[in-house]
Amino acid sequence: MTPRPHIPRRRLGPLARLLSVSALGVLTVGCAASGPSPSLDLASVTPNPIRISRTQLAHDVDFVPGAITADDVQMTKVYGFLAANRAGPADDVLVEYGRGAFEAQRGERLTLGLDQVGLHANPVENDAVVGDVVRIVVQRYLAIAPDCPDWSQPPAPDFNNLTSHNFGCADQSNLAAQVANPRDLAQGQDLAPQKGDAATRPVTAYRTGGAGVARGAVGAPPGTGGGMGAAGAGAGAGMGASGGP
């Protein structure tokens, strides 16, 4: 076997070593210059959100001094306010009363009257309500659909791998139009135990022939033959007498 010839190593001179280190530094700086890729705010590019707005409608019920129930004139105004604003089960209805046991009884009487006509209300103490006044507040949520179609972004491929602005636009529009209670899109439903009055009304109507049971949504005041039916008349008779419980 022929031995390999010995080739002496060439040592790098000072200038060559300096040039090698400089080249390595340039390569390192070139790699670091690109930096990390910019982060994307995914919340800002969520396509076609449904916007939820909330409005409040208020009506003051004036009580006769010393009376625990509202008179017929005031109750007619109450039913007119609810009918004009189409108050229904999807609305949050509050009965706000001032501080004190007597004021609380007024609020409970008015709340009971609203329950009897098919409108569930919650009595709430409010220090801002003073004097012989009980305030009815209707809180309503509105679902605002996005503008569709949304071609603000070109339909070409997106190299950031983001969803097209028009993706799901029709679905969001349909959901905003069909949701029974827009409040559910904002905070969901309260699954705590609820009153069963509304569920038992059909059975009561069947057994009593419809007497004293609401046949529709809150409508005209009692005695006008409107949408409140016999329930409105019963509620007005039960709540209209002033001067005693």
Side-chain angles (χ1 to χ4, degrees), residues 34-59 78-96 111 114-122 124 135-203 205 213-220 226-229 231-232:
S34 60
S37 58
S39 60
L40 296 175
D41 184 7
L42 298 181
S44 64
V45 295
T46 302
N48 310 307
I50 299 176
R51 293 185 292 118
I52 306 296
S53 67
R54 188 184 70 170
T55 59
Q56 287 190 343
L57 308 170
H59 176 77
V78 168
Y79 297 132
F81 162 74
L82 298 175
N85 293 286
R86 299 182 180 273
D91 299 325
D92 291 335
V93 182
L94 305 177
V95 176
E96 298 181 347
T111 301
L114 297 180
D115 283 343
Q116 290 176 350
V117 297
L119 192 63
H120 178 65
N122 296 312
V124 177
R135 181 170 300 155
I136 298 177
V137 179
V138 177
Q139 295 181 348
R140 178 168 299 163
Y141 290 82
L142 179 64
I144 303 175
D147 294 332
C148 291
D150 182 2
W151 296 116
S152 59
Q153 178 191 34
D158 191 307
F159 294 103
N160 289 325
N161 200 27
L162 298 178
T163 305
S164 168
H165 287 186
N166 196 52
F167 182 80
C169 200
D171 290 341
Q172 292 287 75
S173 256
N174 292 336
L175 177 60
Q178 296 176 8
V179 61
N181 190 346
R183 178 186 58 185
D184 294 342
L185 300 178
Q187 62 187 34
Q189 290 191 6
D190 183 8
L191 300 180
Q194 300 291 329
K195 291 184 178 181
D197 298 346
T200 59
R201 285 194 187 99
V203 178
V213 178
R215 295 173 182 151
V218 176
M228 295 187 63

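Reckoned from all heavy atoms, side chains included, excluding hydrogens, waters and symmetry mates. Keep in mind that this is a model prediction, so the values were computed, not measured.
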Least distance between heavy atoms, Asp115 atom then Ala121 atom = OD1-N, 3.5 Å

remark   = Correct closest heavy-atom pair for Arg201 and Gly118 would be NH2-CA, 3.6 Å

note = Tested for side-chain contact (heavy atoms from CB on, under 4.5 Å) against Ile52, the lone hit among Leu185, Ile144, Asp184 is Leu185

key: Heavy-atom pair with the smallest gap, counting every atom of Pro49 and Gln172   = CA-NE2, 4.0 Å

query = Tell me the side-chain hydrogen bond (donor to acceptor under 3.5 Å, both in side chains) pairs involving residues 140-149, sequence neighbours left out?
reply = Asp91-Arg140

message = Rounded at 0.5 Å granularity, tell me how far CG in Leu142 sits from CD1 in Ile50.
response = 11.0 Å

note = Taken to the nearest 0.5 Å, the spacing of Gln139 CD from Asn122 CG works out to 9.5 Å

Heavy-atom closest contact (Asp150 atom, Asn166 atom, distance) = N-OD1, 2.8 Å

remark   = Exactly one of Leu82, Asn85, Asp92 clears side-chain contact (heavy atoms from CB on, under 4.5 Å) with Val138, and that residue is Leu82

request  = Given side-chain contact (heavy atoms from CB on, under 4.5 Å), test Leu114 with Val78 step by step and report yes or no.
outcome  = CA-CA 10 Å; Leu114 297 180; Val78 168; 4.3 Å; yes

task = Check side-chain contact (heavy atoms from CB on, under 4.5 Å) between Thr200 and all other residues, then give those that pass, not counting sequence neighbours.
result = none

Run the side-chain donor-acceptor check on residues 173-181: report pairs under 3.5 Å with partners two or more places apart or on a different chain.
| unit_1 | atom_1 | unit_2 | atom_2 | d |
| --- | --- | --- | --- | --- |
| Asn174 | ND2 | Ala170 | O | 3.2 |
| Asn181 | OD1 | Arg183 | N | 3.1 |

